[in-house]
Each structure stands twice: as structure tokens, then as C-alpha cells.
Protein chains: 2
Amino acid sequence: MTETRYGKGQYIFREGDPTEYFHIVKEGSVKCVKSSLDGKECTLKVLMPGDLFCCDASAFDGASHPGTAQPMGDVSVLRMKKDAYFKMLRANPDAAMEVIRYLGNRLNEAQEKAKVLALDRADQRLASLLISLAERSGVPEPNGIRVSVRLTRQDMANMVGVTTETAIRIMARFKKARLVSGTAARLVIRDLPQLRLLAST
Amino acid sequence: MTETRYGKGQYIFREGDPTEYFHIVKEGSVKCVKSSLDGKECTLKVLMPGDLFCCDASAFDGASHPGTAQPMGDVSVLRMKKDAYFKMLRANPDAAMEVIRYLGNRLNEAQEKAKVLALDRADQRLASLLISLAERSGVPEPNGIRVSVRLTRQDMANMVGVTTETAIRIMARFKKARLVSGTAARLVIRDLPQLRLLAST
DNA sequence: AATAAAACATGACAATTGTCATGTTTTGAG
DNA sequence: CTCAAAACATGACAATTGTCATGTTTTATT
């Protein structure tokens with residue numbers, strides 16, 4: 001299990017690269033991204049410390065990475081050679097069970113995301129995103145919940161499948177309605193209940 | 001491991017039901033569905049013989065089912081009490097590894113689906129669906145590939161996050177362009193290469 | 001074979017979201 | 001602190017998709 005550090009502009013691995021390592025996020029956040037042929041990008045998930053990645057099937061079949069893993073700022077990642085990882089899992093039922101649980105949670109999450117993308121309007125999808133940001137990386141503050149991950153409007157757009165302009169416009173509306181305040185450097189959720197209402201309306 | 005049969009109009013379990021069993025599809029197909037508060041439905045996946053479900057995290061935390069499992073026609077399902085299933089996995093590293101591989105594949109699939117929903121137009125999403133139907137349940141025929149699962153336009157609409165009308169219109173276009181023929185009872189993919197092209201255009 | 005229900009179909013129109021263009025503000029590197 | 005790059009912002013317009021209404025065809029059941 002070796003520790004590796006990555007910084008801005010680097011990649012942990014890219015879509016299509018051969019799968020060699022199992023990874024755990026130690027410090028910082030990591031973006032999982034897929035892109036289409038015409039350059040459009042979609043952010044599938046932001047991994048936080050403790051999150052596993054490439055703990056799964058792509059690692060098995062000698063296949064290649066189905067997406068790109070990109071550090072958001074400076075990150076530190078623990079990794080282990082594929083073979084050693086599998087050996088470890090076989091020898092250690094507790095670890096294997098933990099990975100099964102983790103993958104199951106990730107699968108549920110991914111399917112919930114698919115549902116939101118399939119059924120909700122852009123503003124609802126953004127509201128859902130803000131809610132989960134508040135829950136997963138929120139820091140309580142006097143006048144709301146600060147999101148500790150730095151996300152530009154473009155990042156948010158890529159996370160909910162809309163254009164940057166649409167994300168900007170909707171966030172501007174949210175700001176006007178006092179549901180949120182600030183931008184990437186300091187995004188604060190000010191009215192979580194109202195956002196929840198909007199997400200399910 | 002007991003076998004259970006289900007028929008039209010029944011449910012294997014519904015969203016919110018407590019998780020009690022681990023399941024395997026033995027015969028027939030099973031729809032995994034989520035619905036929103038206002039009645040809109042989204043089909044996450046069609047399970048085929050050999051597919052596992054509830055092999056995952058929801059089964060752990062004593063949580064409830066995140067979605068509904070609905071038989072498509074007559075199906076036969078093998079199931080095992082949660083506790084026995086976990087005991088079996090712990091005692092059997094091969095089985096545990098197999099579940100890890102399976103969940104990983106499902107996760108990749110779900111994320112690919114999310115990407116398509118986030119980035120592609122309705123016609124591209126439908127083309128992608130038809131491609132994967134051809135690959136996963138296609139039966140070669142003199143003039144194309146027959147889809148062995150019976151799917152109405154409404155089913156397809158629910159699978160790609162569009163309205164029934166939109167699915168009907170796009171399928172009509174596909175039919176006119178000789179990419180497909182027939183309806184639910186006998187859907188045939190006639191020009192897979194062209195569909196692939198369309199899906200990634 | 002009759003018949004009700006479901007599936008398929010199509011038009012007119014509305015709502016949502018994307019595209020492109022342009023300008024302002026904020027951020028970060030030197 | 002300066003300055004370029006990135007992020008944020010907004011308008012005008014186009015494209016996509018949804019909504020509602022209505023009608024035909026197919027399917028399944030008695």
C-alpha cells in the first residue's frame with residue numbers, strides 16, 4: 001500500500017488506461033469523469049477521503065478504466081497492485097464483505113443519480129446536487145452550511161448534465177431566492193428545507 | 001435457496017419494502033423500477049436469467065429496497081434469506097469475489113447509463129438502448145436481430161428518460177429509416193452499425 | 001369472433017434547455 | 001500589485017422535448 005500525491009493538471013488515470021491498481025482516497029477530493037466523443041464531459045462522482053475506487057470489475061478482466069480520475073486540487077491516494085489486492089480480499093472475508101457493502105452503496109447511488117437524470121428538471125437536479133453536497137461535505141456555519149469542496153458552476157453543470165450557462169442561470173435564481181450564496185470558493189447552502197422541497201416538486 | 005414464481009401484475013418486492021432476501025433470476029426477465037412522487041417511472045435495468053439482485057448494501061444495513069422489482073411476464077426467481085447469504089459469502093471467498101465482480105460490472109453499467117442520460121439526446125439514448133438490447137438479448141434472424149424481451153414503447157421511454165410520445169416518434173423515425181422494425185411483440189434491429197453511428201454522433 | 005384495454009400514432013402548441021455572442025467580475029500566478 | 005485566465009453573468013434566439021388532445025391499430029380475454 002503506497003501513498004501517491006497528485007496536483008492540479010495531473011490525472012490519476014485516464015479513460016482507456018489499463019487497470020493496474022486499486023485505490024483509496026486519503027486526502028482531498030477526486031473527480032470521476034467520463035467524456036463523449038464530441039468533448040462533452042460528465043462528472044459521475046466526487047470521491048472523498050475513505051472512498052475506494054477501482055475496487056471493482058474493471059480491475060478484474062484485465063480491462064481498461066471506464067472513466068478518468070482527476071484530482072481536485074492536491075490529493076493523496078493510497079494504492080495497491082491489483083494482484084496483491086485480490087489476494088488480500090480472498091484471504092480476508094471481512095475486507096471482501098466491506099467491499100461488497102461499499103460497491104452496493106455506490107450502485108444504489110449511481111442508480112439514484114440515473115433516476116434524477118431521467119426524471120427531473122434541471123433546477124431539481126441542481127437542488128438534489130446541493131442537498132447531497134450539504135450532506136456529504138457540509139460544514140455548519142452561522143448562516144447555513146458551507147460546501148467544503150470547491151465546485152465551479154461548470155463543475156456543477158457537469159455533475160447534473162446541463163450546460164454551464166444553465167447552471168449559472170439556475171444558481172442565480174437560487175441565490176435570488178436566498179437558497180444559496182457565494183460561488184465556488186465559498187458556496188453556502190442557506191435553505192436546505194426549501195431545496196429539498198424543490199428537488200421533489 | 002428456494003424457487004419462487006411470479007406472474008403478471010405481481011411484484012417481487014416494492015420500493016420501501018424491508019430487505020429480506022438475496023435473489024437470482026432463474027427464468028424470465030425482471031424490471032428494476034424507481035418512481036418519483038408525482039408518478040413518473042424510470043426503469044433502471046432489465047435483469048435476465050443469471051442476474052443477481054439485492055446482493056448488495058441495501059441488504060446489509062437492515063435498510064429497505066431502493067426500488068421495485070417487477071416480473072415481465074412469468075418469471076422464476078431463486079432466493080435465499082439474507083443471513084444465510086452473508087454466512088455463505090463469508091465462508092466462500094470464490095462466491096464473494098464473484099459478487100464483487102458482478103457488482104463492479106453493474107456499477108460501471110449504471111454509470112455508463114448516467115453518462116448517456118446526462119450527455120445524449122433522446123434519439124441517441126434510444127439508439128444506445130436498442131444496441132444494448134441487441135447485444136444482451138438479441139436472437140439472430142434472417143433480416144436482423146430480434147429482441148427477445150417484450151418491450152413496449154412506454155417501457156423503452158421509461159428506460160431512457162423520455163415520454164412515451166417521444167419514444168413513439170423516434171421509433172417511428174427509426175422504422176422509416178429501416179433501422180428497426182416491429183413493435184413490442186416482435187421488435188427487430190435491422191441496422192445495428194447505423195444505430196451505433198447514431199448513438200455516438 | 002366480439003370487445004375492452006392497451007399500445008401505437010400524429011398534430012398543435014408550450015415549456016425547457018441549449019447555443020452563441022458579449023461583457024463583467026473574480027481568481028491566481030508571477 | 002498586475003494582468004491574464006477563468007469564472008460568472010445575461011440576452012436573443014434556436015432546438016429539443018414535453019403536454020394535451022384525439023384517433024387508429026393491436027393485443028388479450030371472454
Side-chain angles (χ1 to χ4, degrees), chain A residues 7-9 31 36 38-43 70 72-74 116-127 129 147 149-177 180-188 198-199 201, chain B residues 7-9 31 36 38-43 70 72-74 116-127 129 147 149-177 180-188 198-199 201:
Chain A
K8 224 179 84 175
K31 254 199 297 193
S36 64
D38 52 323
K40 284 185 291 189
E41 278 199 353
C42 149
T43 299
Q70 200 176 348
M72 304 176 73
D74 291 332
V116 168
L117 284 168
L119 299 180
D120 294 350
R121 284 191 318 271
D123 57 343
Q124 297 175 303
R125 301 209 295 270
L126 255 170
L129 171 62
V147 175
V149 190
R150 188 194 171 89
L151 291 174
T152 66
R153 305 297 196 235
Q154 170 153 230
D155 290 326
M156 294 188 229
N158 287 342
M159 294 175 85
V160 300
V162 296
T163 59
T164 306
E165 292 91 333
T166 295
I168 288 175
R169 276 184 249 259
I170 293 174
M171 288 298 287
R173 264 175 26 216
F174 285 180
K175 196 177 242 174
K176 198 166 290 176
V180 301
S181 67
T183 56
R186 184 179 175 69
L187 176 62
V188 178
L198 176 61
T201 298
Chain B
K8 224 179 87 175
K31 251 199 299 193
S36 66
D38 52 324
K40 284 182 294 189
E41 279 198 353
C42 149
T43 299
Q70 200 177 347
M72 303 176 73
D74 291 331
V116 168
L117 285 168
L119 299 181
D120 293 351
R121 282 191 320 271
D123 57 343
Q124 297 175 304
R125 302 208 293 270
L126 257 170
L129 171 63
V147 175
V149 190
R150 191 195 168 88
L151 292 172
T152 65
R153 305 296 197 236
Q154 169 153 234
D155 290 325
M156 293 187 230
N158 288 342
M159 294 174 84
V160 300
V162 297
T163 59
T164 305
E165 291 91 332
T166 296
I168 288 176
R169 276 184 249 259
I170 291 173
M171 287 299 288
R173 260 172 33 212
F174 285 0
K175 196 178 244 175
K176 197 166 293 176
V180 300
S181 68
T183 57
R186 183 177 176 72
L187 176 62
V188 178
L198 176 59
T201 301

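So that the names make sense, note that chain A is the first sequence line, chain B the second, and so on, each numbered from 1.
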- Item | Given dT16(D), dA9(C), dG18(D), the nucleotide with the shortest approach to the side chain of Ile168(B) | dA9(C)
- Item | CG-OG1 distance between Asp38(A) and Thr201(B), expressed to the nearest 0.5 angstrom | 9.0 Å
- In whole Å, what is the span from the CD atom of Gln124(A) to the P atom of dG18(D)? 14 Å
- Query: Is any side-chain heavy atom of Leu187(A) closer than 4.5 Å to a side-chain heavy atom of Met156(A)?
  - Reply: yes
- Item | CE on Met159(B) to NZ on Lys31(B), rounded to 0.5 Å | 9.0 Å
- Message: Heavy-atom nearest nucleotide on DNA chain C for Thr152(B) versus Asp123(A): which residue maps closer to 5'?
- Response: Thr152(B)
- Please tell me which of the listed nucleotides, dC8(D), dA9(C), dT16(C), lies nearest to the side chain of Arg153(A)? dC8(D)
- Message: Using a heavy-atom cut-off of 4.0 Å across all strands, would you classify Arg169(B) as base, sugar-phosphate, or nothing?
- Response: base
- Mind checking Arg186(A) for me? I need base, sugar-phosphate or nothing, with any heavy atom below 4.0 Å counting as a touch. nothing
- Task: Please tell me which of the listed nucleotides, dC20(D), dC8(D), dA7(C), lies nearest to the side chain of Thr183(A)?
- Result: dC8(D)
- Message: Both Thr163(A) and Met171(B) contact DNA chain C. Taking the nearest nucleotide for each, which residue is further toward the 5' end?
- Response: Met171(B)
- Query: What's the CZ-P distance between Arg121(B) and dA14(D), to the nearest Å?
  - Reply: 19 Å
- Note on the structure: In whole angstroms, the gap separating C1' of dT17(C) from CG of Leu126(A) amounts to 13 Å
- Could you check how far CG of Leu119(A) sits from P of dT17(D), rounded to whole Å? 16 Å
- To the nearest 0.5 Å, what is the distance between CZ (Arg125(A)) and CG (Asp120(A))? 7.5 Å
- Task: Just compare dT17(C), dC8(D), dG18(D) and give me whichever is closest to any side-chain atom of Val162(B).
- Result: dG18(D)
- Message: I want to check one thing: is the phosphate of dT17(C), taken as OP1 and OP2, less than 4.0 Å away from some side-chain N or O of Thr166(A)?
- Response: no
- Task: In whole angstrom, give the distance that lies between atom CG of Asp74(B) and atom P of dA28(D).
- Result: 13 Å
- Look at Lys8(A) and dG28(C) and indicate whether a side-chain polar atom (N or O) is within less than 4.0 Å of OP1 or OP2. no
- Message: Starting the side chain at C-beta, find the nucleotide from dA21(D), dT10(D), dA7(D) nearest to Glu165(B).
- Response: dA21(D)
- Message: Quick check: closest heavy atoms across Ala167(B) and Leu126(B), and the distance to 0.1 Å?
- Response: CA-CD1, 3.9 Å
- Salt bridge check: are Arg150(A) and Asp155(A) linked by an N-O gap of less than 4.0 Å? no
- Message: By nearest heavy atom, map Gln154(A) and Arg125(B) onto DNA chain D; which one lands nearer the 5' end?
- Response: Gln154(A)
- Let me know the distance between CZ of Arg173(A) and P of dG11(D), rounded to the nearest Å. 14 Å
- Sugar-phosphate, base or nothing in reach of Arg150(A), heavy atoms under 4.0 Å: sugar-phosphate
- Task: Give the rounded distance in Å between these two atoms: CD1 of Ile170(B) and P of dA15(D).
- Result: 17 Å
- Item | Asp120(B) CG to dT17(C) P, straight-line distance once rounded to whole Å | 17 Å
- Task: Would you indicate what Lys175(A) reaches in the nucleic acid, counting non-hydrogen atoms under 4.0 angstrom: base, sugar-phosphate, or nothing?
- Result: sugar-phosphate
